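In what follows, a structure is listed as structure tokens, so that the remarks can point back to it.
Just so you know, ligand 1 is whichever comes first in the structure, and atom 1 is the first atom listed for that ligand. None of the values given here were measured: they were computed from a predicted structure.
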Amino acid sequence: MSVASLQGRDLLSMADLSADELRELLDLAARLKTGKVNPHCENKVLGLLFSKASTRTRVSFSVAMFQLGGQVLDLNASVTQVGRGEPTVDTARVLDRYLDVLAIRTFEQQELETFAHYAKIPVINALTDLEHPCQVLADLQTVQEEFGQLAGLTLTYVGDGNNMANSLLLGCALAGIHVRVASPKGYEPNPMIVQKAKEIAGERSQVLITQDPELAAKDAQVLYTDVWASMGQETQAQSRLPIFRPYQVNEQLLALADPQAIVLHCLPAHRGEEITDAVLEGPQSRVWDEAENRMHAQKALLACVLGAI
Ligand code: CP
Ligand code: NVA
């Protein structure tokens, strides 16, 4: 099984997984959800070092670890020396001596990479400004539940070319999903990630970056959006509103997608901005299943990196 290869590994980017590893991780997440497999990680301790707010990631990681029989330590920056500026290179080497696995939510991808370099234990990206791979594991699990497959589907992301757009580009490319991102000019996804997604997709699937949300939404099986101003961009929230208004996921845009299309949003959502209340609460929305799947997908990930599978 390819997932055995994940033991001891970091997940800093979606591109850290091979296509086979992703497929098997998602299969394991689905089996964990049914309760038919119950891996155990007794005496293992997960640290959560979060420098930004979190509901889903914090709680789903914690519950997943508890259900595996392990323990969780909340290492919020404000209650550790991290908040007082202890160097990352020192914190990483110290935490490495106590913990078995560490999930980090921070701003710079570089800080996460420094942690991973200095800590030998598995380090998991629980969101940076560049990527949010744990969310994409749950997103792909949700798509697979709905359609029974991933390869050949089309996922359209409409909105800010942020961490979600970046990780979706990579995750879809790995899964053989055609991926389209529609963003306003100047708010496109990271160009290096777009290039990497194209390389991963190869001849198997298409990667389209456009400024046209209607073109992108046409006949898609999955319509995805996220906030227009991410954590750390609060001061830009007002000035971004008129720029992003044409990129709202509403009933008109959804009508252009495949009639069987589902709508995903990583949450938290700003109703009336990137998504309307009618769409978020409507029959095509799968956001609550998507949020639940964070727990199953991350349980699969934890079991794999801790060698419990
Ligand atoms: N989707 C997500 O990561 O949510 P939180 O910020 O609440 O963890
Ligand atoms: N792009 C959002 C995702 C939140 C889960 C942010 O970074 O704030």
### Among V82, L48, L99, the one residue meeting side chain to side chain contact (heavy atoms under 4.5 Å, CB included) with L75
L99
### Task
Check D160 against ligand 2 and report side chain, backbone, both or neither, counting heavy atoms closer than 4.0 Å.
neither
### Query
Of all the atoms in ligand 1, which lie at a distance below 4.0 Å from a heavy atom belonging to H132?
2 (C), 3 (O)
### Query
What atoms of ligand 1 come within less than 4.0 Å of a heavy atom belonging to R294?
1 (N), 2 (C), 3 (O)
### Task
Pull out every atom of ligand 1 sitting under 4.0 Å from any heavy atom of C266, numbered as shown with elements.
1 (N)
### Task
Counting heavy atoms only, name the option from R105, M231, R58, R56 that's nearest to atom 6 (O) of ligand 1.
R105
### Query
With hydrophobic residues grouped by side-chain heavy-atom distances under 4.5 Å, do L17 and V143 end up in a single group?
yes
#### Entry: ligand 1 to L267 polar contact by distance, N or O atoms, under 3.5 Å
yes
### Message
For ligand 1, which is the ligand I care about here, please tell me if P268 has any N or O atom under 3.5 Å from one of the ligand's N or O atoms.
### Response
no
### Query
Should V207 and Y187 be counted in the same cluster of Ile, Leu, Val, Met, Phe, Trp and Tyr side chains packed under 4.5 Å apart?
no
### Query
Within a strict 4.5 Å, meaning less than it, do heavy atoms of the L302 and C41 side chains meet?
no
### Query
Which atoms of ligand 1 have any heavy atom of T55 under 4.0 Å away?
5 (P), 7 (O), 8 (O)
### Query
Where on D129 is there a heavy atom closer than 4.0 Å to ligand 2, on the side chain, on the backbone, on both, or on neither?
neither
